[in-house]
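A short worksheet on the structure shown next.
Given the structure is predicted, the values throughout are model-derived calculations rather than measurements. Letters A, B, ... are given to chains in the order of the sequence lines, protein chains preceding strands, and every chain is numbered from 1.
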Number of protein chains: 2
Amino acid sequence: MAPRAAAKTAESSDKVGVICRALRRAIIEQALEPGAKLPEDSLGERFGVSRTIARHALGQLAAEGLVELRRNRIAVVATPSWQEARDAFDIRIELERLVVRQLAGKLTKAQVAALNAHVDAEDSSRGGSDAVSIRLATEFHILLASMTNSPILVRYVSEVAYRCCLTLSLYSRPHSSECGVTEHRAIIAALVKGDGPKVMELMHSHLDSVATRALVAPTPQRGRDLLDILAPYAEEDGADRVVKLAKVVRGRTR
Amino acid sequence: MAPRAAAKTAESSDKVGVICRALRRAIIEQALEPGAKLPEDSLGERFGVSRTIARHALGQLAAEGLVELRRNRIAVVATPSWQEARDAFDIRIELERLVVRQLAGKLTKAQVAALNAHVDAEDSSRGGSDAVSIRLATEFHILLASMTNSPILVRYVSEVAYRCCLTLSLYSRPHSSECGVTEHRAIIAALVKGDGPKVMELMHSHLDSVATRALVAPTPQRGRDLLDILAPYAEEDGADRVVKLAKVVRGRTR
DNA sequence: GTGCAACAAAGTGCATGCAATTGAGGCGCT
DNA sequence: AGCGCCTCAATTGCATGCACTTTGTTGCAC
């Protein structure tokens, strides 16, 4: 994979791209938890650029759904609702089914080798931190997508995979061995064999199991997103009452 | 459709959002053809903002794949390759199948009414310009997606639909009645009936027919993208020769 | 007439500055 | 102590300015 299609669509001038990539990694490795503040100045200072650039990067990340931009407020790492998490996984399943459908029986030797190497890396990182293994598992799926040679598909799969990663860090507590490495191997095997329907089914059940294993129940109460929990009560008679409520909650959670 | 989820993820501060929406519309209505230049100054002047904002808007649009950003060069409306167009349609088919799967049998009276109203509007615009009917057809699909209440799905369907619109303006010459209104009506009927598999099949064939009807053959020669046509010849002994060629072509086409 | 090189115009890349808005701490009042 | 208010620091929103890159053009040599 030559670094040819480097910065084609977005991530224009590199500086922005560097910041985007760095933040993405930090987010999916949970170095930045959902809700973490991302002030433009700090970012700029940290990466040696001006606020303008940091701002631009935040804009891109917001377009990808990884950060949330609120007018006149500090940007934060996105905090998707449980429903959004489930939606993201549903979309991801469809997209990745498409990926493996296109790929079944069409992988070159080199591609298979690359995939195996990646899974090996996943295997050998089992002792390491959860963060790294989650990232590697996600990157396996992105690597797969990149083999379709469809930039659009790669972009969508990447985005939605990152989003799922993010939600995993929110809604799954004891996330040991999220993404079964054995399932990855099975997928590779089926791809090589060229059994399209089989590999689509494999991918489907793989992702679905990750989703259902991780996204345990709608979490009726359980700390954190009190604001989101209260959101449904907002609809009835105007927002002001909820704003007040929100203030109270805010004060209590801190 | 209450304007509730106005500017949540991106399109932050409105001014940027306004420009984005305006440009999107201009692009899908083919007021701006693929390859059209989008200088930051002109945009800023036209919309009464500074280059900074125009630039930001271009960044967002680039992230959506509607415009192409090249370092130190004027941004242009994207010119997707034929393959990219086909890829976009493939993705779109999967996403919209998901949409109707989620929607089958779950539409409220009001939603059905809204859909019918929209299709009526499509019908009554048959005499008008192609641009408007193409836009309306696209918006039907987006309207459908928005009824899933899944912001992520809405975003992806919108994006990919816009992209498809863009490619339609590139690769389909005599585009009369692209998106069969009768097919839209059939989809609504099947949705109301709650026949999931049926409506998925309908949507699939609907989009597929649009794609195959529009994306006629890989267009071996046929004007326009001379540079892209020449691209394959570049690989052999370095880029410089092609750069020269490009210059020649450039000079001749103008 | 053709090719080439230097120049001028236009446009982007980025930083900085100023106005506007928000959140928080401090203050007095009850 | 608890509650509300007010002021101020922190932070974003946006425009402008300067440096650098690209592009089109003019002039010169062959």
May I ask you to evaluate whether B:Arg55 reaches the phosphate of C:dG13, defined as a side-chain N or O under 4.0 Å from OP1 or OP2? yes

Using whole Å, what does the distance between atom [atom2] of nucleotide [N] and atom [atom1] of [X] come to?
X: B:Arg70; N: D:dT22; atom1: CZ; atom2: P; answer: 12 Å
X: A:Lys37; N: D:dA10; atom1: NZ; atom2: C1'; answer: 10 Å
X: B:His56; N: D:dT12; atom1: NE2; atom2: P; answer: 13 Å
X: A:Asp41; N: D:dT12; atom1: CG; atom2: C1'; answer: 8 Å
X: A:Leu38; N: D:dT11; atom1: CG; atom2: C1'; answer: 13 Å
X: A:Leu43; N: D:dT11; atom1: CG; atom2: P; answer: 12 Å
X: A:Ile74; N: C:dT22; atom1: CD1; atom2: P; answer: 13 Å
X: A:Ile53; N: C:dG13; atom1: CD1; atom2: P; answer: 9 Å

side-chain contact (heavy atoms from CB on, under 4.5 Å) partners for B:Thr52, two or more places apart: B:Ser50

Are any of the side-chain nitrogens in A:Glu64 or A:Arg163 under 4.0 Å away from the carboxylate oxygens of its partner? no

Got a salt bridge between A:Arg155 and B:Glu159, using NZ or NE/NH1/NH2 to carboxylate O under 4.0 Å? yes

When A:Tyr162 is tested against each of A:Leu61, A:Ile27, A:Ile142 for side chain to side chain contact (heavy atoms under 4.5 Å, CB included), which residue passes? A:Ile142

Tabulated below should be each protein N or O lying under 3.5 Å from an N or O of nucleotides 17-21 of chain C; please produce it.
unit_1, atom_1, unit_2, atom_2, d
C:dG17, O6, A:Arg51, NH2, 3.0
C:dT21, O3', A:Asn72, ND2, 3.4

Applying ring-ring contact (aromatic ring centres under 6.0 Å, His included) to A:Phe47 and not counting sequence neighbours gives none

For the backbone of B:His141 and the side chain of B:His118, can you confirm whether one donor and one acceptor N or O come within less than 3.5 Å of each other? no

